[in-house]
Structure formats: C-alpha cells, structure tokens
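These numbers come from a predicted model, not from an experiment.
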Amino acid sequence: LKLTYHETAAHLVNNFNVSQLKQRIMMMNKSKTPARKLAKYLSIIPLVLLLISVNSIYAAQNDLKDTELQNPPPVKKDSDEVFIVVEEMPVFPGGTEAMNKFLAENVKYPVTAQENGIQGRVICSMIINGDGSISEVQVVRGVDPSLDKEAIRVIKSMPNWTPGKQSGKVVSVRYTLPVVFRLSSGDDSLLTKEEQRELANRGEVNELVIESKAKEAQNADEVFVVVEHNPEFPSGTDGLMKFISENVKYPAEAQEKGIQGRVICTFIIGKDGSVSDVQVVRGVDPLLDAEAVRVLSSMPNWKPGKQRGQEVAVRYTFPVVFRLVGGESKDVVKAEFPGGNDAYFKYLADNIKYPVIAQENGIQGLVQLYYNIDTDGKVSFVKFEKTADASLDKEARRVIESMPAWKPATSNGKATRAEYMASFIFRLQGDEGSGFKSYDGETPEDAIVIVGYAKQK
C-alpha cells in the first residue's frame with residue numbers, strides 16, 4: 001500500500017479517499033460470525049416481546065384497581081330493609097285458605113320419599129318484596145333433600161302476594177311457612193293414634209299438610225286425617241254438643257263409684273256422611289268408655305269432608321266428658337303437685353324456655369293444653385285447646401310431660417284420674433322505638449308468661 005500510494009510531494013489536506021484495493025484486502029482478513037451466535041441473537045427477540053407484553057398487562061391491572069378504588073361502595077337504601085314483623089303482614093291472594101288450596105294442588109309428594117317412608121315438617125322462609133314478588137326462598141329446618149327441594153319449588157311458583165306495610169309504606173317482609181309432608185295409607189300404619197289426635201286438634205296458622213297417595217281420590221278405602229274442608233255436624237258444633245248432652249246416659253255404677261273424666265274417641269265420617277269405626281283412644285273406665293262409643297255411634301249423618309273438591313272419608317277425633325254434679329264436693333280431692341300450688345307454678349316458670357326459632361321469626365301467642373294426672377300420679381298429655389305455633393306448642397307440651405309425679409286425685413277415698421289445663425303466653429319484647437308489637441291477646445288469669453327478645457334484621 002505504501003508503494004502504491006507513495007508520493008514524493010507532501011499534501012496539506014487529506015481527501016479521505018481509499019482505493020478499492022485496500023477495501024478488498026480488509027474484507028479478506030475479516031473473521032466470519034458463527035451461525036450459532038446468530039441464533040442466540042435472534043432468540044433475544046421473543047424474550048423482548050414477552051417482557052413488553054407482561055409490562056402492558058401489569059399496567060392495565062393497576063389502572064383497573066385505581067378505578068375501583070375511586071368508586072365508592074353502594075349505599076344501602078331504606079327500601080332494601082327486610083322486616084320480620086310489620087303492622088300489616090303480607091297476604092296471599094284470596095287469603096290463607098286460597099294459599100293452602102294452591103299448595104295442595106301444586107305440591108307433588110316425591111316418589112323416592114314415599115318409597116322410603118320419609119315424612120316430616122319442612123319449615124321454609126321467604127322474602128315477600130314490596131311489589132309482592134317472592135325471593136330468597138330458604139329451608140330453615142329441613143327433613144330430607146327431596147322434600148326440601150319440593151317445598152322450595154312450589155313456594156317459588158306462587159303468584160305475587162299483597163305486600164306488607166310498615167308505617168303506611170310498602171316494605172319487604174321475611175315470611176315463614178311450614179309445609180308438612182305426611183304419608184297416609186289405608187291402615188294409617190305410619191301414624192300413631194297420638195299423632196292422629198294431635199293433627200285433628202291442632203289448628204296451626206300457615207301450616208299445610210300434604211298427604212301422599214298411591215292412588216288419588218279414586219281410592220274409595222282411603223281415610224284422611226287432615227283435609228281442606230272438615231266434616232260438619234248437621235246443626236254445627238253447638239248442635240253436636242246438644243246431641244251428646246241429651247243422649248249420654250251416665251252409668252249408675254260409675255256415679256256410685258264417683259268415676260268421671262274425659263273419654264277421647266275417634267271415628268270415621270264416610271263420604272256419605274255416615275259414622276263408623278268408633279274407637280276409644282284414651283279411656284277413663286270401661287263403663288264410661290262403652291257409653292261414649294254407644295252415643296257417638298248413634299249420631300246422624302254428617303256433612304262429609306272434602307279434599308280437592310271431592311268428598312272423602314275422614315277420621316275425626318272427639319272427646320266425651322263425663323262430669324258428676326257436685327264433683328267439687330268434700331268427697332272429691334284434687335290432685336296435688338309436690339310442694340303445692342306455688343311449687344307447681346315455680347316449676348313451670350323455671351323450666352319452660354322460649355324457642356330460639358320462634359324468637360328469630362317474631363312468633364308469639366297463647367298456648368293452652370289439657371293433661372291428665374293418672375291414679376299413680378303420672379302426668380300425660382291429652383290435647384291442645386289453643387295453639388300458636390308448632391315450636392311454641394312443642395315447648396309447652398315438653399314442660400308439662402317433664403313434671404314429676406303428683407299426688408293423685410281421690411273420689412270417696414279412692415285414687416282417680418283427673419284432668420287439668422295449663423296456659424302459657426309467649427310474649428316478645430323489642431327495642432324501644434323499634435315499632436315491634438308485643439302480644440296483646442287473651443291473657444288467662446293463671447297463665448305462665450314467657451318473655452323473649454324480638455330479634456330484628
């Protein structure tokens with residue numbers, strides 16, 4: 001190169017011109033880049049793209065969080081409040097009878113439950129909104145998944161109600177509805193006589209009994225215990241009592257021995273209104289039991305009961321009371337609780353409890369029941385005279401049946417069975433200014449008052 005570009009004269013400037021020969025020599029001496037290095041360089045490109053994508057997603061999430069933090073939580077309006085007890089409770093279109101008819105016609109007893117002998121009371125709660133619609137149907141106390149599911153299904157299918165009101169305004173109300181699934185067969189083998197008696201004497205509000213039937217009303221031998229329309233004596237209840245009093249003949253031997261009491265009988269009122277199959281469920285003495293069966297068997301035809309618009313046979317429970325004139329004379333001594341009358345009231349007050357489920361649902365009322373003191377002093381339940389709710393009835397019966405043995409009543413010096421009544425008032429109290437209305441109904445003089453606290457949501 002020096003020889004090629006050799007010049008004798010010195011120049012003051014450099015034109016930076018390089019010949020083609022020099023460039024060729026430089027390229028020949030330059031080392032080549034291996035292929036694997038090139039592959040490494042190319043692999044960097046996807047990594048760079050991945051980092052850019054991750055960074056973009058992270059930035060987008062941060063922007064979303066910032067937006068959520070800027071939005072305040074929704075404010076709960078007064079209209080969203082759900083009441084348990086209001087001044088005007090919600091009403092099914094047509095009233096309670098129409099509601100029972102709707103449920104009776106739409107509830108289908110699950111086949112699996114019938115085959116497995118599953119029955120019981122499904123207690124459901126629901127919210128009746130301000131527009132009358134039904135929402136949030138829940139099972140408070142279930143029996144079996146199949147029965148629970150059916151109860152929820154039919155309640156959800158109900159039409160809109162007339163909504164409840166508080167202070168003149170339409171409000172949402174949580175409502176409790178028990179649905180009783182009870183199996184019924186020709187011989188009532190799944191129901192004890194005591195259960196039959198309780199069903200016949202219990203008049204619980206808002207309770208519907210759904211009976212399973214292998215064959216619908218076409219089965220002429222089927223006997224119902226609870227129906228939509230109960231049988232009626234031709235001249236009503238007063239006429240029935242008059243007929244019994246005019247036709248009962250007090251056995252002379254029973255009068256001489258001072259025997260008296262209540263004979264509980266059941267009988268079937270057929271589809272034609274005839275009376276048959278008179279039986280003694282709880283007797284007092286063979287003499288009185290036989291007379292009760294005789295007079296009930298002599299009754300005229302009744303107006304038959306109806307189920308789903310069809311006349312059906314119904315098993316009916318009726319007590320016949322035999323009471324001696326002057327039964328409170330000196331020859332008759334009442335049964336006595338251990339420790340006397342004061343100890344009796346103290347025992348009841350100390351042992352009865354307000355059911356939690358009743359407090360949570362604002363349930364209160366008067367419960368009256370009859371019980372017997374047998375000749376050995378043991379206490380046995382007879383029947384409910386007045387009921388308020390299944391939970392309250394059950395608690396009142398529990399405390400009565402838990403009493404210790406009494407000193408039995410005597411007649412002419414001999415121990416005899418005696419019947420008594422107990423009254424319980426379950427009353428709730430709410431916070432001051434809450435607007436909760438405590439029980440203000442009938443208050444018997446000797447009633448035991450159980451006070452609970454109204455839990456409001």
Side-chain angles (χ1 to χ4, degrees), residues 89-129 132-162 173-186 188-191 195-196 198-200 202-219 221-230 305-315 357 361 387 389-391:
M89 294 296 289
V91 179
F92 185 87
T96 303
E97 185 175 349
M99 179 183 68
N100 288 341
K101 182 179 179 181
F102 172 86
L103 294 176
E105 293 177 349
N106 289 274
V107 169
K108 299 178 181 178
Y109 208 117
V111 178
T112 55
Q114 296 185 54
E115 293 175 348
N116 292 282
I118 300 173
Q119 55 184 342
R121 184 195 308 267
V122 180
I123 300 179
C124 298
S125 72
M126 55 185 171
I127 292 179
I128 301 174
N129 301 303
S133 61
I134 296 172
S135 61
E136 296 189 27
V137 182
Q138 302 174 359
V139 174
V140 178
R141 181 178 299 173
V143 176
D144 179 80
S146 61
L147 300 186
D148 300 348
K149 184 178 179 180
E150 178 60 17
I152 291 177
R153 182 196 66 79
V154 74
I155 290 176
K156 285 183 176 180
S157 69
M158 287 195 294
N160 287 3
W161 290 44
T162 301
V173 180
R174 181 168 291 280
Y175 195 89
T176 301
L177 177 65
V179 180
V180 178
F181 292 86
R182 187 172 297 279
L183 296 170
S184 177
S185 58
D188 290 333
S189 59
L190 295 176
L191 294 176
E195 288 175 328
Q196 294 177 30
E198 287 182 18
L199 283 174
R202 186 191 301 140
E204 296 182 7
V205 179
N206 297 332
E207 176 176 291
L208 178 71
V209 177
I210 305 297
E211 292 189 325
S212 71
K213 295 170 282 296
K215 297 180 180 179
E216 295 290 336
Q218 291 84 0
N219 188 352
D221 296 332
E222 185 176 5
V223 178
F224 290 79
V225 178
V226 178
V227 291
E228 296 170 1
H229 299 283
N230 286 321
K306 291 186 177 181
Q307 179 74 2
R308 298 183 181 180
Q310 295 184 353
E311 295 177 347
V312 294
V314 181
R315 180 167 290 280
I357 188 173
N361 290 279
T387 61
D389 178 78
S391 60

Novice: How close do Ser391 and Ile357 get, heavy atom to heavy atom, and via which atoms?
Specialist: CB-CG2, 3.8 Å
Novice: Using side-chain heavy atoms (C-beta onward) and a distance below 4.5 Å, is Met89 in contact with Val173?
Specialist: yes
Novice: Search all heavy atoms of Val314 against all heavy atoms of Val225 and return the closest pair with its distance.
Specialist: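 It is CG1-O, 4.3 Å.
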Novice: Say you draw a straight line from SG of Cys124 to CZ of Arg141; how long is it, rounded to the nearest 0.5 Å?
Specialist: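 Rounded to the nearest 0.5 Å, the SG-CZ separation comes out at 12.0 Å.
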Novice: Mind checking the CG-OG1 spacing from Asp389 to Thr176? Nearest 0.5 Å is all I need.
Specialist: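 Here the interatomic distance stands at 8.5 Å.
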Novice: Roughly how far, to the nearest 0.5 Å, is the CE atom of Met126 from the NZ atom of Lys156?
Specialist: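 Reported value, rounded in 0.5 Å steps: 12.5 Å.
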Novice: On a heavy-atom basis, which atom in Ala98 and which in Pro93 lie closest, and how many Å separate them?
Specialist: CB-O, 3.4 Å
Novice: In terms of relative ring orientation, are Phe181 and Tyr109 parallel, tilted or perpendicular, with 30° and 60° separating the classes?
Specialist: perpendicular
Novice: Does CD in Glu105 sit with more than 12 non-hydrogen atoms of other residues, nucleotides or ligands closer than 6.0 Å?
Specialist: yes
Novice: With side-chain contact (heavy atoms from CB on, under 4.5 Å) as the test, would you mind laying out the steps for Arg153 and Val137 before giving the verdict?
Specialist: CA-CA 9 Å; Arg153 182 196 66 79; Val137 182; over 6 Å; no
Novice: Kindly compute the distance separating CG (Asn230) from CD (Gln307), expressed to the nearest 0.5 Å.
Specialist: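 If I round to the nearest 0.5 Å, the distance is 10.0 Å.
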Novice: Find out whether Lys108 and Val154 are in side-chain contact, i.e. whether some heavy atom of one side chain is under 4.5 Å from a heavy atom of the other.
Specialist: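 Lys108 vs Val154: side chains apart.
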Novice: Working to the nearest 0.5 angstrom, can you tell me the gap between Ile128 CD1 and Arg174 CZ?
Specialist: 10.5 Å
Novice: How long is the span from the CH2 atom in Trp161 to the CE atom in Met99, to the nearest 0.5 Å?
Specialist: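 Here the rounded value is 5.0 Å.
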Novice: In a check of side-chain contact (heavy atoms from CB on, under 4.5 Å) between Arg308 and each of Glu228, His229, Lys101, which one passes?
Specialist: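 By the side-chain contact (heavy atoms from CB on, under 4.5 Å) criterion, Arg308 pairs with just one of Glu228, His229, Lys101: Glu228.
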Novice: Knowing that exactly one of Val122, Val139, Val107, Val180 qualifies, which makes a side-chain contact (heavy atoms from CB on, under 4.5 Å) with Leu147?
Specialist: Val122
Novice: State, to 0.1 Å, how close Val143 and Gly120 come at their nearest heavy-atom pair, and which atoms those are.
Specialist: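 Scanning both residues completely, I find the closest heavy atoms to be CG2-C, 3.7 Å.
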Novice: Should Phe102 and Ser157 count as side-chain neighbours, where that means a heavy-atom distance under 4.5 Å?
Specialist: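 Contact flag for Phe102/Ser157 side chains = yes.
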